[in-house]
Amino acid sequence: MKKFIFLIYFSIFFNLLCGAEWYEKNRKFSVVFPNEVWKYIEKANYYSNKKDNKTAEAFLRIALEKTEKCEPFTPSNWPFGWPRDKESLKYLKYGTPVVFIYKIIGDFCLEAGYIKESIKYLETYLSKCLIPDADYYILLAGIYEKEGMYTQALNLYYEISKFIENKNFWGTEYSIDFIERKIKNINLLFKKNLVIILKPIYIDIPSFIQSDFIDIFKTELSNIKNLVIIPQNNFLKVLNEQKFDENSLDDNELAIVGKILNVDYALKPSLAKIVDTYVFNVDVFSINKKKWFEHYEYKTDDMRYIPNMVKRFTVNFQGLDIPPSLYLPETKFLWSYELDDLVNDLKTSKDKKNILIGCDSGSVYLFNNKGSLLRKLNRAEKIIRVSISPEGNYFSFFTLEGILYFVSKNGEILWTKKTGNLGRGIGISEDGKFIVAGIDKKLIYIDRYGEIFWEINLPEVISFVDIKDDGSLVFVGTEDGKLYCYRDDGNLKWQVNVDGKVIEIKSGENYICSETYKGMIYLYNLNGYEIKKFRSDEEVNFNIFSSEIFDLISGKKGNFLFFLSYDKKSLWRYLLKERVTFLSSLPDGKFIISAEGKNLFAFSIVWK
């Protein structure tokens with residue numbers, strides 16, 4: 001029984017100690033209230049933590065009634081028992097206790113979702129403050145905006161602008177530029193705004209891009225509701241009348257021209273190419289305030305996305321967040337690792353959680369996707385080919401002297417085969433059940449225990465091999481552009497000719513994807529019927545493909561990384577550095593591992 005009572009008291013104490021958010025924001029104001037009033041606020045906090053807002057509100061109303069009964073709070077007639085010491089005077093200079101009780105209840109109502117009641121109490125709080133509370137003016141203006149009360153929000157922003165300029169406030173010192181931006185965003189919603197577009201600044205931008213850029217800029221701006229672009233001829237006419245030169249126009253002159261044209265804002269766009277990056281900037285000038293108050297900057301490495309940057313600006317200019325339809329991919333670095341020598345081959349498990357590396361030094365590395373080294377094997381000869389099973393439990397590799405190794409994930413060498421010739425490729429089916437290996441012109445099919453089921457001699461030198469996850473089909477590419485498909489019994493199912501040496505084959509459930517040294521990509525179904533062929537640098541409508549084909553195309557193709565678009569309905573193409581020799585990635589780009597020389601780099605694609 002004593003333990004039970006103790007637990008009850010501990011629960012009450014804990015809830016009082018760890019307050020609700022509204023309580024924590026206002027705990028410091030306890031110094032302006034007597035204990036017999038503040039205790040009701042503490043009880044409200046207790047019930048608020050228990051999600052009993054009805055009881056919490058009742059206690060807050062008691063605190064309000066007891067506070068209002070003691071009015072007026074005047075220096076000459078200060079109510080008995082109410083603090084007026086050094087600690088309380090820190091806050092009483094901003095308002096009387098009744099002011100702060102309105103704030104407290106307003107915060108409670110906002111947290112509880114009682115928006116109308118919150119507005120009522122916060123309005124009363126701000127109206128009774130002796131000195132304006134900048135933070136709560138901003139808070140209430142934001143609530144007005146969310147509730148569609150734009151006129152009230154606009155009026156508050158104008159008030160904030162005045163007391164910020166006069167330095168008569170307490171709380172955060174918001175910049176005038178920030179307030180002007182808020183006013184502009186609301187004005188764009190329900191009244192016409194006239195703008196001047198000033199002559200763009202170009203740095204290292206070809207003339208053909210310049211003309212397209214300004215056309216796109218004007219077109220996208222004209223699509224903004226309630227935004228009207230002043231015709232260039234009207235602007236130039238006023239400049240001539242005032243004898244102003246646009247190239248040397250100062251802020252006062254720009255304000256004069258703007259007022260003559262009854263303009264609200266002037267926009268100064270610029271586009272520059274800095275090394276390999278296109279940088280798009282827009283500065284916004286307030287005619288009324290006679291100052292530049294907004295700056296926007298966007299960057300891309302691909303000139304094709306300049307229109308996207310312009311669209312992003314028009315969205316942000318209206319105070320809106322970038323919609324997913326305008327998201328662009330960015331790379332996020334995860335980890336790196338320096339190996340002991342150059343990478344000769346890199347393979348990953350299907351989920352990319354296991355990464356197998358073969359090096360010139362004879363080292364074989366097995367990493368997880370966090371960058372932790374799981375295993376390292378050392379051979380005397382350099383490693384020329386590696387492979388890992390789809391789930392990552394087995395791996396295999398060829399040494400330069402022609403020895404084929406089959407190894408479990410824990411590093412145990414299960415068997416070896418001395419082939420006597422150069423290994424050209426390895427493929428492993430699920431759980432290491434079957435292995436296919438290419439040795440010069442010979443193709444061998446082996447089980448997990450090292451027994452050779454069959455072997456075939458091809459007329460051409462093998463360049464790449466792959467095996468379907470279930471081991472039912474084997475695919476072989478050759479140096480002179482042949483692609484073969486064999487059944488698991490060793491019989492040829494089909495063969496086709498491709499343009500150039502086969503450097504990669506990826507097989508799926510219903511399709512395979514093959515890439516040649518010449519940059520051609522071929523898609524076939526499992527019967528050898530060609531679905532599509534294209535160059536890695538060719539513009540392709542990927543929307544027509546299935547998700548399985550997206551998975552097969554994704555990864556490194558030529559000098560490009562292919563990965564799923566944000567909505568997963570198409571593919572994006574990203575130009576890789578020439579130093580990237582190997583790369584493997586998840587289809588959505590959330591994990592990518594690449595090799596440059598003897599260095600590994602892991603990164604992911606982030607959409608912003």
Side-chain angles (χ1 to χ4, degrees), residues 345-351 353-358 364 366 374-375 377 379 381 383-458 460-478 483-495 502 504-510 512 514 526 528:
D345 202 6
L346 181 155
K347 293 292 189 299
T348 61
S349 57
K350 204 165 189 176
D351 59 8
K353 290 182 178 180
N354 295 279
I355 303 155
L356 186 66
I357 312 290
V364 179
L366 181 65
L374 303 178
R375 297 281 176 270
L377 303 180
R379 303 293 98 184
E381 293 284 332
I383 309 302
I384 55 172
R385 289 289 182 271
V386 301
S387 183
I388 190 166
S389 59
E391 78 297 326
N393 289 333
Y394 297 89
F395 61 92
S396 181
F397 56 89
F398 263 122
T399 63
L400 181 61
E401 59 189 356
I403 298 178
L404 175 64
Y405 289 79
F406 188 65
V407 188
S408 67
K409 188 175 181 179
N410 64 14
E412 180 186 359
I413 297 174
L414 300 176
W415 51 260
T416 63
K417 287 196 179 297
K418 188 169 179 61
T419 65
N421 286 304
L422 191 65
R424 299 288 182 167
I426 316 168
I428 308 177
S429 69
E430 286 176 349
D431 207 28
K433 189 174 182 181
F434 295 105
I435 301 94
V436 62
I439 305 140
D440 282 342
K441 296 182 180 181
K442 183 186 291 185
L443 181 68
I444 59 175
Y445 191 82
I446 316 167
D447 72 2
R448 181 191 298 163
Y449 307 103
E451 182 181 348
I452 297 176
F453 274 45
W454 51 262
E455 59 182 61
I456 294 171
N457 288 305
L458 276 67
E460 305 91 4
V461 175
I462 294 169
S463 58
F464 201 94
V465 300
D466 188 40
I467 187 169
K468 200 167 180 287
D469 284 354
D470 62 7
S472 61
L473 294 174
V474 172
F475 305 96
V476 188
T478 68
L483 181 62
Y484 297 90
C485 174
Y486 289 90
R487 296 184 179 89
D488 57 3
D489 59 6
N491 289 313
L492 180 67
K493 184 174 183 180
W494 51 264
Q495 71 177 73
V502 176
E504 186 186 59
I505 303 169
K506 284 172 71 175
S507 58
E509 187 64 31
N510 302 292
I512 73 160
S514 175
L526 297 186

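These numbers were taken from a predicted model, which means no experiment stands behind them.
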**Student:** Considering only NZ, NE, NH1 and NH2 on the basic side and carboxylate oxygens on the acidic side, decide whether Arg448 and Asp431 come within less than 4.0 Å.
**Tutor:**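 Yes, Arg448 and Asp431 are salt-bridged.
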**Student:** Tell me whether Asp440 is salt-bridged to Lys442, with the criterion being a basic N under 4.0 Å from an acidic carboxylate O.
**Tutor:**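 No, no charged N to carboxylate O under 4.0 Å.
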**Student:** Looking at Ser389 and Gly432, what are the two nearest heavy atoms and their distance?
**Tutor:**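 The answer is CB-N, 4.0 Å.
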**Student:** In Å, rounded to the nearest 0.5 Å, how long is the span from CZ of Arg424 to CD1 of Ile462?
**Tutor:** 8.5 Å
**Student:** Contact between Leu526 and Trp494 at the side-chain level, heavy atoms closer than 4.5 Å - yes or no?
**Tutor:**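 Leu526 vs Trp494: side chains apart.
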**Student:** Check whether any side-chain heavy atom of Val364 sits under 4.5 Å from a side-chain heavy atom of Phe395, and report yes or no.
**Tutor:**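 Yes. Closest side-chain heavy atoms under 4.5 Å.
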**Student:** For the backbone of Glu451 and the side chain of Trp415, can you confirm whether one donor and one acceptor N or O come within less than 3.5 Å of each other?
**Tutor:** no
**Student:** For Asp470 and Ser429, work out which heavy atoms get closest and say how close.
**Tutor:** C-CB, 4.4 Å
**Student:** Rounded to the nearest 0.5 Å, what separation is found between the OG atom of Ser408 and the CD1 atom of Ile413?
**Tutor:** 9.5 Å
**Student:** Hey, does Leu443 have a side-chain heavy atom less than 4.5 Å from the side chain of Tyr484?
**Tutor:**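 Side chain of Tyr484 against side chain of Leu443, heavy atoms only: no contact under 4.5 Å found.
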**Student:** Where the side chain of Trp454 meets the backbone of Asp488, is there a donor-acceptor pair that is under 3.5 Å apart?
**Tutor:** yes
**Student:** Using modelled atom types only, decide if a donor and an acceptor are shared between the side chain of Ser349 and the backbone of Asn354 within a distance under 3.5 Å.
**Tutor:**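 Yes; judged by distance alone, with no hydrogens or angles, the pair exists.
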**Student:** Around atom NZ of Lys353, are there more than 12 heavy atoms from other residues, nucleotides or ligands closer than 6.0 Å?
**Tutor:**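 Check fails, neighbour count at 12 or below.
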**Student:** How many angstroms lie between CD1 in Ile383 and CD1 in Ile357, if you round to the nearest 0.5 Å?
**Tutor:** 12.0 Å
**Student:** Can you establish whether the number of heavy atoms outside Lys433 located under 6.0 Å from its atom NZ is more than 12?
**Tutor:** no
**Student:** Any chance you could measure Leu492, atom CG, to Cys485, atom SG, to the nearest 0.5 Å?
**Tutor:**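 The CG atom of Leu492 sits 7.5 Å away from the SG atom of Cys485.
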**Student:** Could you check whether any side-chain heavy atom of Ile388 comes within less than 4.5 Å of a side-chain heavy atom of Leu366, counting everything from C-beta outward?
**Tutor:**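 Yes, side chains in contact.
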**Student:** For the pair Lys409 (side chain) and Leu374 (backbone), establish whether a donor and an acceptor sit closer than 3.5 Å, ignoring hydrogens and angles.
**Tutor:**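 Such a contact is absent between Lys409 side chain and Leu374 backbone.
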**Student:** Just do the side chain to side chain contact (heavy atoms under 4.5 Å, CB included) check on Ile446 and Phe406 with the steps written out, would you?
**Tutor:** CA-CA 11 Å; Ile446 316 167; Phe406 188 65; over 6 Å; no
**Student:** Specify the closest pair of heavy atoms between Ala437 and Leu404, including all atoms of both residues, with the distance to one decimal.
**Tutor:**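 Smallest interatomic distance, heavy atoms only, reads CB-CD2, 4.1 Å.
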**Student:** What are the two closest non-hydrogen atoms of Glu412 and Asn410, and how far apart are they?
**Tutor:**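 Answer, listing the atom of Glu412 first, then Asn410: N-OD1, 3.0 Å.
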**Student:** Does the side chain of Val465 come within less than 4.5 Å of Val474's, by heavy atoms?
**Tutor:** no
**Student:** Taking Ile439's backbone N and O only, do any of them form a donor-acceptor pair with Asn421's side chain (distance below 3.5 Å, no angle check)?
**Tutor:**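 Not confirmed, Asn421 side chain does not pair with Ile439 backbone.
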**Student:** Is any side-chain heavy atom of Asp466 closer than 4.5 Å to a side-chain heavy atom of Ile512?
**Tutor:**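 Asp466 does not reach Ile512 side chain to side chain.
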**Student:** Within the 4.5 Å heavy-atom criterion, are Leu414 and Tyr394 side-chain neighbours or not?
**Tutor:** yes
**Student:** Which pair of heavy atoms, one from Val502 and one from Ser463, lies closest together, and at what distance?
**Tutor:** O-OG, 2.6 Å
**Student:** With a cut-off of 6.0 Å (strictly less than), are more than 12 heavy atoms of other residues, nucleotides or ligands near NZ of Lys350?
**Tutor:** no
**Student:** I need the Arg375 CZ to Leu356 CG distance, nearest 0.5 Å.
**Tutor:**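 If I round to the nearest 0.5 Å, the distance is 12.5 Å.
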**Student:** Quick one: NZ on Lys441 to CG on Asn457, what's the gap to the nearest 0.5 Å?
**Tutor:**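 These two atoms lie 9.5 Å from each other.
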**Student:** Donor-acceptor pair, distance only, cut-off 3.5 Å: does the side chain of Thr419 make one with the backbone of Ile403?
**Tutor:** no
**Student:** For Tyr445 and Phe434, take the angle between the two ring planes, folded into 0 to 90°, and tell me which bin it lands in: parallel under 30, tilted 30 to 60, perpendicular over 60.
**Tutor:**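 It falls in the parallel class, under 30°.
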**Student:** May I ask you to decide if Ile426's main-chain N or O and Ser387's side chain share a donor-acceptor pair within less than 3.5 Å?
**Tutor:** yes
**Student:** Measure across Lys468 and Glu509 and return the closest heavy-atom pair with its distance rounded to 0.1 Å.
**Tutor:**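 Residues Lys468 and Glu509, closest heavy atoms: CE-O, 3.6 Å.
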**Student:** What I'd like to find out is whether the side chain of Ile428 reaches to under 4.5 Å of the side chain of Ser396, using heavy atoms alone.
**Tutor:** yes
